[in-house]
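What follows is a single structure, written as structure tokens, with notes after it.
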Number of protein chains: 2
Amino acid sequence: MAVTQTFQRLKPPKREKILATAIHEFARHGFRQASLNRMARMSGIAKGSLFQYFGTKEGLFRFIFDHAVELIRHNLRRVKAETADQDFFERIRSSLLAGVAFIRQHPHIYQIYLKMLFQEDFPFREEFLEKIHLFSAEYLTPLVEKGMAEGDLRPDLDVDLVVFTLDAVMDRFLQAYCVPFLDGNAAVFQAPPQRVEKQVGDLVELLRSGLGARSGGTRLAMNE
Amino acid sequence: MAVTQTFQRLKPPKREKILATAIHEFARHGFRQASLNRMARMSGIAKGSLFQYFGTKEGLFRFIFDHAVELIRHNLRRVKAETADQDFFERIRSSLLAGVAFIRQHPHIYQIYLKMLFQEDFPFREEFLEKIHLFSAEYLTPLVEKGMAEGDLRPDLDVDLVVFTLDAVMDRFLQAYCVPFLDGNAAVFQAPPQRVEKQVGDLVELLRSGLGARSGGTRLAMNE
DNA sequence: GCCTAAAATGACCACCTGGTCATTATTGGG
DNA sequence: CCCAATAATGACCAGGTGGTCATTTTAGGC
């Protein structure tokens, strides 16, 4: 029992106000520090009703958590399908842009994700971390494997290491979009769409080409 | 007034036990959820003493925070000096290994860092985020610039973007070392020294060479 | 051994938390 | 219009919080 029929039978505006308030509260304060008193006050309902609907604080969080997981799963599937015909780097570019778009649309959900990452007293944290793992495993891994098979990627790459690196860079980009000072001097934080587009493009190019001086480029130097 | 002389005059074993307990508590529970009652009990002192020493919970945290900042600053300076004669990629490799070594030596400090990253109700969070920014600006940026000047890096790179990427990958590697499931299938989590060494080496090679198939390789394909 | 200044103590305070439940209000079928 | 089922309510509870402070203990110069 996570959520009662009573809640499902509520009129949509009320139901959604309660959910929005709860999501906002969890996003702002994390699980433990989120206050059901505040939620009740902000939703304009009695605290007792929250318990009637969701049983416990954890029940309410579970409901929101599952909702968010479904949202994300759906989004990933859509992006994967929509980009199926693109080459590897274009796909990464599209995926990252889709990530930014998702955050623009659901900023609080991403905030909850960030809070859960390192806060240990979240319920379902293990389940949550495993789902992140699944994102890498089910989304990026096949993408990389296809990229290698089609010659977009060097054939000698270690798939797991590539997935790890992509995950690192992409997630950090999204974090930098949401949290000030995480972007170094790259000005990613709350960047307008046009700038995001350029930054993502540059970032993907960097991943493609690497940092090292090209052997082709140094060959000239070796000739002098 | 952050810390009183009374605390500084304590006999070292007692002083350090109190500090170690506090660091442990903040690392485990974050700032808000950390309990002074627990700290007092675990340190074997009265709660009142904590307030005599540090004034407030925030004063105690400030003391630990400044201590940690000093530790990190010192460490960065040392690594920077020790690797001054290495080439760029070797320096990144050494820096990352030094990061892992630091975490092995001060796991709780890194845990506090992780908790502060996205938890908004930490005191000094802004100051803290600015200090992270400084890490990029003062540590990585000159390193990249020198690397470009000396021809280790491609000369056409955007310095800020490179710093951003390095920061992303390095920080995520350290996170994956500390938090399960953040490593995809790369098996970074609590990896033994030998494996860490190999993974760091591979990661740096990947950064150097990039993901893309070499233009020399695709040229053949274009001929067919 | 005494006396005073400094330090340690823990009972106590107001406040907030998640959760309960007897009471009240609402609803809809007959 | 009535009545029973369902839903909403908020006073109340035990427990935990950061913080206070009158009281006791300790330390060290004389």
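Everything quoted here is computed from the prediction, not taken from an experiment. Numbers restart at 1 for each chain; the letters A, B, ... are given by sequence-line order, proteins then strands.
Within 4.0 Å of B/Ser49, counting heavy atoms only, lies at least one base atom of the nucleic acid. Using a 4.0 Å heavy-atom criterion, one finds that A/Leu50 contacts no nucleic acid atom at all.
Comment: A/Arg78 engages A/Glu82 in a salt bridge, judged by a side-chain N to carboxylate O separation of less than 4.0 angstrom. Between B/Arg28 and B/Glu25 there is no salt bridge, since no side-chain N of the basic residue sits under 4.0 Å from a carboxylate O of the acidic one.
Among C/dA8, D/dT6, D/dA8, the nucleotide with an atom closest to any side-chain atom of A/Arg9 is D/dT6. Comparing D/dT9, D/dA8, C/dA8 against the side chain of A/Ile45 picks out D/dT9 as the nearest.
Following rounding to the nearest Å, A/Arg15 (CZ) and D/dA7 (P) show an atom-to-atom distance of 14 Å. B/Gln8 places its CD atom 18 Å from the P atom of C/dA6, with the value rounded to the nearest Å. In this structure, A/Phe7 places its CZ atom 13 Å from P of D/dA7, rounding to the nearest Å. Rounded to a whole Å, the CE atom of A/Met39 is 17 Å from the P atom of D/dT9. Distance A/Ile18 CD1 to D/dA7 P: 13 Å, rounded to the nearest Å. If you measure from atom CD of B/Gln52 to atom C1' of D/dT24, you get 13 Å, rounded to the nearest angstrom. Computed from coordinates, the A/Lys11 NZ to D/dA7 P distance equals 14 Å when rounded to whole Å.
You'll find the ring centres of B/Tyr110 and B/His106 outside the 6.0 Å limit. Between B/Phe54 and B/Phe63, the distance from one ring center to the other falls under 6.0 angstrom. Ring centroid separation for the pair A/Phe124 and A/Phe61 comes in under the 6.0 Å cut-off.
Contact between the side-chain N/O atoms of A/Tyr53 and the OP1/OP2 oxygens of D/dA8 is found at a separation under 4.0 Å.
Residues satisfying the side-chain contact (heavy atoms from CB on, under 4.5 Å) test with A/Gln105, not counting sequence neighbours, are none.
Rounded to 10 degrees, the angle between the two end axes of the helix from C/dG1-D/dC30 to C/dG30-D/dC1 is 10°, with five pairs used at each end.
At distances below 3.5 Å, not a single donor-acceptor pair connects side-chain atoms of A/Ser94 with backbone N or O atoms of A/Thr83. Using a distance-only test at 3.5 Å, with no hydrogens or angles considered, no donor-acceptor pair links the side chain of B/Ser43 to the main chain of B/Ile45. The main-chain N or O of A/Ser136 is found under 3.5 Å from a side-chain atom of A/Thr141 such that the two form a donor-acceptor pair.
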Can you give me the N/O atom pairs linking the protein to nucleotides 16-20 of chain C at distances under 3.5 Å, or say none if there are none?
residue	atom	partner	partner atom	Å
C/dT17	OP1	A/Ser35	OG	3.1
C/dT17	OP2	A/Asn37	ND2	2.9
C/dG18	OP1	A/Ala34	O	2.7
C/dG18	OP1	A/Lys57	NZ	2.7
C/dG18	OP2	A/Leu36	N	3.0
C/dG18	N7	A/Lys47	NZ	3.2
C/dG19	OP2	A/Lys57	N	2.7
C/dG19	N7	A/Lys47	NZ	3.3
C/dG19	O6	A/Lys47	NZ	2.7

